[in-house]
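A short write-up of the structure that comes next.
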Amino acid sequence: MLVRDAMSTVVLTIGPAHTLRQAAALMSARRVGAAVVLDPDGTGIGILTERDVLNSLGLGQDPDAERAHAHTTTDVVFADPSWTLEEAAAAMAHGGFRHLIVLDRGGPAGIVSVRDIIRCWAPARQRAPQVPA
């Protein structure tokens, strides 16, 4: 199975000036764990995750004052829609992250998460014959 088969094509995008509270509210409303941060005047494409918001709050920072750009990961590993789910999972495991922005024709086409991969793999694993122990 390929990344294009598992990825979510509905991508939450925010700007670098969004506050962390605004970003968290949007992620919560969309029920997603990450937002793509588009900064055409700066670093280009980055990602802000629920973990980034949580880390900021854990440090006692004000979510109404903190801006997305200060917490955005900009050294992003991007996936291609034609990657296998095994390639995506390996990239996530190697990098220690749970979301990959999927780029197609230079722009974000989707996001694939660990949850998306598990959702695809679980039914296939359930159908596989069980080997007795």
Side-chain angles (χ1 to χ4, degrees):
M1 188 168 279
L2 302 179
V3 164
R4 76 170 47 90
D5 302 319
M7 71 183 193
S8 171
T9 57
V10 177
V11 180
L12 172 61
T13 59
I14 63 172
H18 276 80
T19 67
L20 290 187
R21 184 176 307 279
Q22 290 170 325
L26 291 167
M27 289 191 291
S28 178
R30 296 267 185 98
R31 299 179 50 97
V32 297
V36 174
V37 182
L38 297 179
D39 187 0
D41 299 326
T43 56
I45 300 172
I47 190 166
L48 180 76
T49 68
E50 58 199 0
R51 184 178 299 168
D52 297 321
V53 175
L54 185 64
N55 287 341
S56 175
L57 292 174
L59 292 172
Q61 297 174 333
D62 180 358
D64 292 313
E66 290 297 312
R67 302 292 173 178
H69 70 84
H71 302 277
T72 298
T73 300
T74 56
D75 60 341
V76 179
V77 174
F78 297 103
D80 188 272
S82 64
W83 280 15
T84 65
L85 294 185
E86 287 80 4
E87 289 172 307
M92 289 178 188
H94 178 67
F97 43 80
R98 298 177 294 159
H99 300 88
L100 285 170
I101 298 172
V102 182
L103 287 186
D104 194 18
R105 297 180 184 92
I111 290 185
V112 65
S113 70
V114 169
R115 182 176 292 161
D116 296 325
I117 293 171
I118 291 170
R119 192 175 297 128
C120 290
W121 281 349
R125 302 286 192 256
Q126 290 172 354
R127 287 191 305 268
Q130 299 297 316
V131 178

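Predicted model only: the values in this text are computed from it and were never measured.
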According to side-chain hydrogen bond (donor to acceptor under 3.5 Å, both in side chains), does anything in residues 97-109 pair up with another residue at least two apart or in another chain? List the pairs. E50-R98

Closest heavy-atom pair, Q61 versus S56, reported as atoms and distance to 0.1 Å, is OE1-OG, 2.6 Å

Residues passing the salt bridge (Lys or Arg N to Asp or Glu O under 4.0 Å) test with D39, sequence neighbours excluded, are none

What are the two closest heavy atoms between G46 and I101, and how far apart are they? O-CD1, 3.6 Å

Pairs in or reaching into residues 11-30: which pass salt bridge (Lys or Arg N to Asp or Glu O under 4.0 Å), with residues at least two apart or in two chains? R21-D64

Nearest heavy-atom neighbours spanning D80 and S82: OD1-OG, 2.5 Å

Cluster overlap V102 with L85, hydrophobic side-chain contacts below 4.5 Å: yes

What residues form a side chain to side chain contact (heavy atoms under 4.5 Å, CB included) with A88, not counting sequence neighbours? V3, W83, L100, I117

Strictly by salt bridge (Lys or Arg N to Asp or Glu O under 4.0 Å), give each pair with a member in residues 106-118 just once, sequence neighbours left out. D116-R119

Using a 4.5 Å cut-off between side-chain heavy atoms of Ile, Leu, Val, Met, Phe, Trp and Tyr, which other residues end up in the same hydrophobic cluster as L2? none

Please identify each residue that fulfils side chain to side chain donor-acceptor pair (under 3.5 Å) with T13, with sequence neighbours left out. none

Honestly curious: do V77 and V112 fall in one hydrophobic cluster under the side-chain, below-4.5 Å linking rule? yes

To which residues is L59 joined in a hydrophobic cluster, defined by side-chain heavy-atom contacts under 4.5 Å among Ile, Leu, Val, Met, Phe, Trp and Tyr, whether direct or through other members? none

Same cluster for M1 and V114 if Ile/Leu/Val/Met/Phe/Trp/Tyr side chains link at under 4.5 Å? yes

Are the side chains of V36 and I111 in touch, meaning some heavy atoms are under 4.5 Å apart? yes

If only atom types and distance count, is the side chain of H18 paired as donor or acceptor with the main-chain N or O of G15 below 3.5 Å? yes

Any pair counted as side-chain hydrogen bond (donor to acceptor under 3.5 Å, both in side chains), so long as it reaches residues 67-76, sequence neighbours left out: E66-H71

So which pairs with a foot in residues 3-14 pass salt bridge (Lys or Arg N to Asp or Glu O under 4.0 Å), sequence neighbours left out? none

Connecting only ILVMFWY residues whose side-chain heavy atoms lie within less than 4.5 Å of each other, what is the rest of L20's hydrophobic cluster? L12, I14, L26, M27, V32, V37, L48, V53, L57

Taking only residues two or more places apart in sequence or in another chain, which ones pass side chain to side chain donor-acceptor pair (under 3.5 Å) with T9? none

Note, F97 side chain near T49 side chain (heavy atom, < 4.5 Å): no

